[in-house]
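Residue numbers start from 1 in every chain, and the chains themselves are labelled A, B, ... in the order their sequence lines are given, proteins ahead of strands.
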Amino acid sequence: MLRPMSVVAQIKEVTARAIKELFNHELNANDVLVNATKPEFEGDYTIVLFAFVKQLKKSPDTLGNELGEYLIKNHSTIFSSFNIIKGFLNLAITDYYWIEFLQSAYSNASFGIKEKNGQRVMVEYSSPNTNKPLHLGHLRNNFLGWSIAEILEVNGYDVIKTCIVNDRGIHICKSMIAWQLFANGATPESTNTKGDHFVGDYYVKFNDELKKQVEELINKGIDKETAEKEAPIMKAAQQMLIDWEAGKPDIIELWKKMNSWVYAGFDATYKRIGSDFEKTYYESNTYLLGKDLVEEGLQKKVFYQKEDSSVWIDLTKDGLDEKIVRRKDGTSVYITQDIGLAEQKQKEFNAQRSIYVVGDEQNYHFKVLKLICQKLQLPSADGIYHLSYGMVELPSGKMKSREGTVVDADDLVDEMINISKQKTAELGKVKDFTTDELNALYDTIGLGALKFFLLRVDPKKKMIFNPEESIDFHGFTGPFIQYTYARIKSILRKPEAISRESGVKNLLPLEKALAIQLETFPASIEESAAEYDPSKIAIYIFELAKTFNSFYAEHSIANAETEEKKTVRLQLAQLTAQVLETGIGLLGIKVPERM
RNA sequence: CGUCUCAUAGUUUAAUGGAUAAAACGAGCGUUUCCUAAACGCUUGAUCCAGGUUCGAUUCCCGGUGAGACGACCA
């Protein structure tokens, strides 16, 4: 099926053709700059003429007039009138065009969704550590990763969502040793604690105990650095890591038991926030990957060995530093595992692109990772893309677990759901709902507010979260969009078939504004995929909802002046509802039928 | 010391080099016999400083100031 081109794409194309015919000048359609016309001028879309004034050696006015007249003469179904102001050619689009658009799109359930393009993409996100529960930063990561995967999916890609669980290493051993020392056999069940929080508590206990021991050693005259290394509990953790690597049965058993507690907790949280993965990798299985590639790199002379037999790569010519890829004791480092995992993913899924949703503190790491893979000429190399996002910070700065300022994911979700419960009760609009229906509604609204809050900002930018101020339910928020949707549904609930031919010839300004905005939905989805940026969609659906609300306040739909108007407004309402649902769905947010 | 990010109304955020910089929250005023007032309308207010490129700069380049991240055989 041939997808109809967007108005903007058509304007570009037609303009390029016009310039070729009128002035015999070749122009790429993409070089035509088309903007929405500013509200203070007459017209819908504007061509910026400056760009080709020079090449064509014409004044903007002459050029604009010739072009404008050509467009109206040759494409009268699209363009109705034009005016030129200071080098801007403002074009008015015919009502006919918008009415046709509405009739073709209002009942098209896949409006904005592309067909499969045969390309595969992997999206890795979440990446939790099994020594503590998820926090606000993980939420931004999860929502972003899930949303990007979804956005790529509707853009035609075959998407594989993956997660690498950091389930081994010294930090896990810290929780384990603390449990051995202080738990007296307690379990999540015996203490009625969620598994990930239970294990996280022992990680905190470890650090408390370590601090105590370090202070004692310092009082004995040992310097801080040595004290931290020599504290008995730290030595015990390090010994445990060695035992783990050696596969000592009782350690492995304890490790498995504690991790299983954590996974039960993670699963509950993921289920609640709607995160899922097609494939989960565990670092305990992948940490040895990449060793072969070190050998290969040495042979290819991409890597070199120092006197102590450690292996390095020299990236100084690329403006970076030297980087170790294998320790002198033969063990691999973080980056080596990632090289190995990149190849592993490539072998398993053969994706054209591999996206890593990881915080911007690791920008350097991913730059190095991609560069090394390229130098090794690995097939996965060029497809590596680090989707770097900014940290979530508090007004006081970074969240610090040691200072207890970390905003816990479960707590925050609870709070959001409670607020939505409270507000729903205050408004009292759904008193006839069953308990199940109410609980589902609270989840929808509370999570909607939270996800929208975290996704409405450009991922690249760090964001401030103030725990003192609760996340808003008014204005540029998830509930605003959900509410708009629910209002439309209440109109559409009255059983009434919407006929395709409305018969109207003209649109009122607010009807037209809505139609124009609806028409750009596919472009908005494309843009957010091209830039890996869900906030583009968040902004789009917010503006759409706003336009609809203005329209709704001004014009009656069910009691429209004429049957024709009623039909065209029902089409507008139905398409708006559908676009809002699809759009906000790409952010992982549900819409309620009533609220 | 070096590399890289960021700096826009009181606050949180928008703006492929294009017209008089756009919203939300906050503050103030108003809107409901009629499809959901979690809404709508009006008022208020900003590009860190100094140069440069350009017909045109929030956007690109140079310098400065301020904030952050990274450059660890941690991940």
Q: Look at the side-chain N and O atoms of A/K461 and state whether any lies under 4.0 Å from the OP1 or OP2 oxygen of B/A7.
A: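 True: A/K461 side-chain N/O within range (under 4.0 Å) of B/A7 OP1/OP2.
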Q: Give me the distance, rounded to whole Å, that separates B/A7 from B/U59 when you measure between the P atoms they each carry.
A: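 Per the computed distance, 10 Å lies between those P atoms.
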Q: Could you give the distance separating B/C6 and B/C60 at their P atoms, to the nearest angstrom?
A: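 About 8 Å, rounded to a whole number of Å.
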Q: Is A/K345 salt-bridged to A/E124, going by a charged N under 4.0 Å from an acidic O?
A: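 Looking at A/E124 together with A/K345, the answer is yes, because their closest N to O distance falls below 4.0 Å.
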Q: Without decimals, in angstroms, what is the distance between A/L427 CG and B/A39 P?
A: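 Taking atom P of B/A39 as the reference, CG of A/L427 is at 10 Å.
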Q: Applying the Watson-Crick and G-U wobble criteria at under 3.5 Å, what pairs with B/G2? Answer none if nothing qualifies.
A: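 Pairing partner: B/C70.
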Q: Can you check the distance between B/G52 and B/C4, where both ends of the measurement are the P atom (answer in whole Å)?
A: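 The answer is 25 Å between these two P atoms.
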Q: Check this for me: does the side-chain of A/D338 come within 3.5 Å of the base of B/A75 through a donor and an acceptor?
A: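 Not at all, since no donor on one side and acceptor on the other fall under 3.5 Å apart.
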Q: Does A/M463 or A/Q337 map to a spot on RNA chain B nearer the 5' end, using the closest nucleotide for each?
A: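 The residue mapped nearer the 5' terminus is A/M463.
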Q: Could you give the CD1-to-P distance, from A/I85 to B/G18, as a whole number of Å?
A: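 In whole Å, B/G18 P and A/I85 CD1 are 18 Å from each other.
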Q: Is any side-chain N of the basic residue among A/E581 and A/K590 closer than 4.0 Å to the acidic one's carboxylate O?
A: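 Not counted as a salt bridge, because no side-chain N and carboxylate O are separated by less than 4.0 Å.
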Q: Assess whether a salt bridge exists between A/R569 and A/E561, defined as any Lys/Arg side-chain N lying under 4.0 Å from an Asp/Glu carboxylate O.
A: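 Yes, A/R569 and A/E561 are salt-bridged.
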Q: Below the 4.0 Å mark, does B/A24 have OP1 or OP2 next to a side-chain nitrogen or oxygen of A/R456?
A: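 Answer no for this pair, as no side-chain N or O of A/R456 is under 4.0 Å from OP1 or OP2.
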Q: Does B/C40 have its OP1 or OP2 closer than 4.0 Å to a side-chain nitrogen or oxygen of A/N549?
A: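 Looking at the OP1 and OP2 atoms of B/C40, one of them is under 4.0 Å from a side-chain N or O of A/N549.
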Q: For B/A37, give the paired nucleotide (Watson-Crick: N1-N3 plus N6-O4 or O6-N4; G-U: N1-O2 and O6-N3; both under 3.5 Å), or none.
A: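 By the stated definition (distances under 3.5 Å), nothing pairs with B/A37.
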Q: Think A/S550 has a side-chain N or O under 4.0 angstrom from the OP1 or OP2 of B/G41?
A: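 Yes, such a contact exists.
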Q: So, A/F41 and B/A19: ring centres less than 5.5 Å apart, planes less than 30° off, yes or no?
A: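 A stacking contact exists, since A/F41 sits close and nearly parallel to the base ring of B/A19.
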Q: Kindly state whether the pair A/Y552 / B/A39 counts as stacked, where counting means centroids closer than 5.5 Å and planes tilted less than 30° apart.
A: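 Here the ring of A/Y552 and the base of B/A39 are not stacked, as the 5.5 Å and 30° limits are not both satisfied.
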Q: Do the side chains of A/D458 and A/K461 get close enough for a salt bridge, i.e. N-O under 4.0 angstrom?
A: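 No, no charged N to carboxylate O under 4.0 Å.
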Q: State whether A/K460 places a side-chain N or O below 4.0 Å from either non-bridging phosphate oxygen (OP1 or OP2) of B/C4.
A: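 The answer is no; no side-chain N or O of A/K460 sits under 4.0 Å from OP1 or OP2.
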Q: Separation of A/I481 atom CD1 from B/A24 atom P, in whole Å?
A: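 It works out to 13 Å between those atoms.
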Q: Ring of A/F50 versus six-membered ring of B/G18: centres under 5.5 Å and planes under 30°?
A: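 Taking the rule of under 5.5 Å and under 30°, the ring of A/F50 does stack on B/G18.
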Q: Name the closest nucleotide to the A/E361 side chain, picking from B/C70, B/A14, B/A39.
A: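 Given the options B/C70, B/A14, B/A39, the side chain of A/E361 is closest to B/C70.
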Q: What integer distance in Å separates A/E393:CD from B/U5:C1'?
A: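 For the pair A/E393 CD and B/U5 C1', the rounded distance is 12 Å.
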Q: Using whole Å, report how far CD of A/E468 lies from P of B/G26.
A: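 Atom CD in A/E468 sits about 18 Å away from atom P in B/G26.
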Q: Counting only heavy atoms not in A/E225 (residues, nucleotides, ligands), do more than 12 fall under 6.0 Å from its CD?
A: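 For A/E225, atom CD is not crowded (no more than 12 foreign heavy atoms under 6.0 Å).
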Q: Using a distance-only criterion (donor-acceptor N/O pair, under 3.5 Å, no hydrogens), is the base of B/C73 paired with the side chain of A/D308?
A: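 Such a pair is found, so the answer is yes.
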Q: Does A/R327 have a side-chain nitrogen or oxygen under 4.0 Å from the phosphate oxygens OP1 or OP2 of B/C74?
A: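 For A/R327, the contact criterion (side-chain N or O under 4.0 Å from OP1 or OP2 of B/C74) is met.
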Q: Do the side chains of A/E283 and A/R168 get close enough for a salt bridge, i.e. N-O under 4.0 angstrom?
A: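 Answer for the salt bridge query: yes.
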Q: Return whichever of A/M595 or A/F88 has its heavy-atom-nearest nucleotide of RNA chain B closer to the 5' end.
A: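 The answer here is A/F88.
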Q: Distance check, C1' atoms only: B/A22 and B/U47, in whole angstrom units.
A: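 Comparing C1' positions in B/A22 and B/U47 gives a spacing of 13 Å.
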Q: Heavy atoms from C-beta onward define the side chain here; which of B/C35, B/C55, B/G71 lies closest to that of A/Y364?
A: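 Nearest nucleotide to the side chain: B/G71.
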Q: For A/F452 and B/A14, what is the distance between atoms CZ and C1' respectively, to the nearest whole Å?
A: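 Going from CZ in A/F452 over to C1' in B/A14 covers 12 Å.
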Q: Does B/A19 have its OP1 or OP2 closer than 4.0 Å to a side-chain nitrogen or oxygen of A/K38?
A: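 Checking B/A19 against A/K38, a side-chain N or O does come within under 4.0 Å of OP1 or OP2.
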Q: Counting heavy atoms from C-beta on, name the nucleotide in B/U12, B/C25, B/G71 closest to the side chain of A/D472.
A: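 Shortest atom-to-atom distance from the side chain points to B/C25.
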Q: Rounded to whole angstrom units, what separation is found between the CZ atom of A/R140 and the C1' atom of B/U12?
A: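 For the pair A/R140 CZ and B/U12 C1', the rounded distance is 13 Å.
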Q: Taking NE2 from A/H138 and C1' from B/A75, how many angstroms apart are they, rounded to a whole number?
A: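 Taking atom C1' of B/A75 as the reference, NE2 of A/H138 is at 12 Å.
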Q: Using a strict threshold of under 4.0 Å (side-chain N to carboxylate O), is an ion pair present between A/D314 and A/K323?
A: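 No, no charged N to carboxylate O under 4.0 Å.
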Q: Distance between the C1' atoms of B/A46 and B/A21, in whole angstroms?
A: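 My reading of the C1' atoms in B/A46 and B/A21 gives 9 Å.
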Q: Check whether any side-chain N or O of A/K323 sits under 4.0 Å from OP1 or OP2 of B/C70, and answer yes or no.
A: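 Checking A/K323 against B/C70: no side-chain N or O falls below 4.0 Å of OP1 or OP2.
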Q: Check whether any side-chain N or O of A/H171 sits under 4.0 Å from OP1 or OP2 of B/A75, and answer yes or no.
A: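 So the side chain of A/H171 is outside the cut-off, no N or O lying under 4.0 Å from OP1 or OP2 of B/A75.
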Q: Can you tell me how far C1' in B/G18 sits from the matching atom in B/G56, rounded to whole Å?
A: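 Result for the C1' pair: 7 Å, nearest Å.
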Q: So that I can tick it off, tell me whether A/D61 and A/K86 are bridged by a salt bridge, with the cut-off set at under 4.0 angstrom between side-chain N and carboxylate O.
A: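 Answer for the salt bridge query: no.
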Q: On a plain distance test, is the side chain of A/T46 in donor-acceptor contact with the base of B/A19 below 3.5 Å?
A: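 Indeed there is one.
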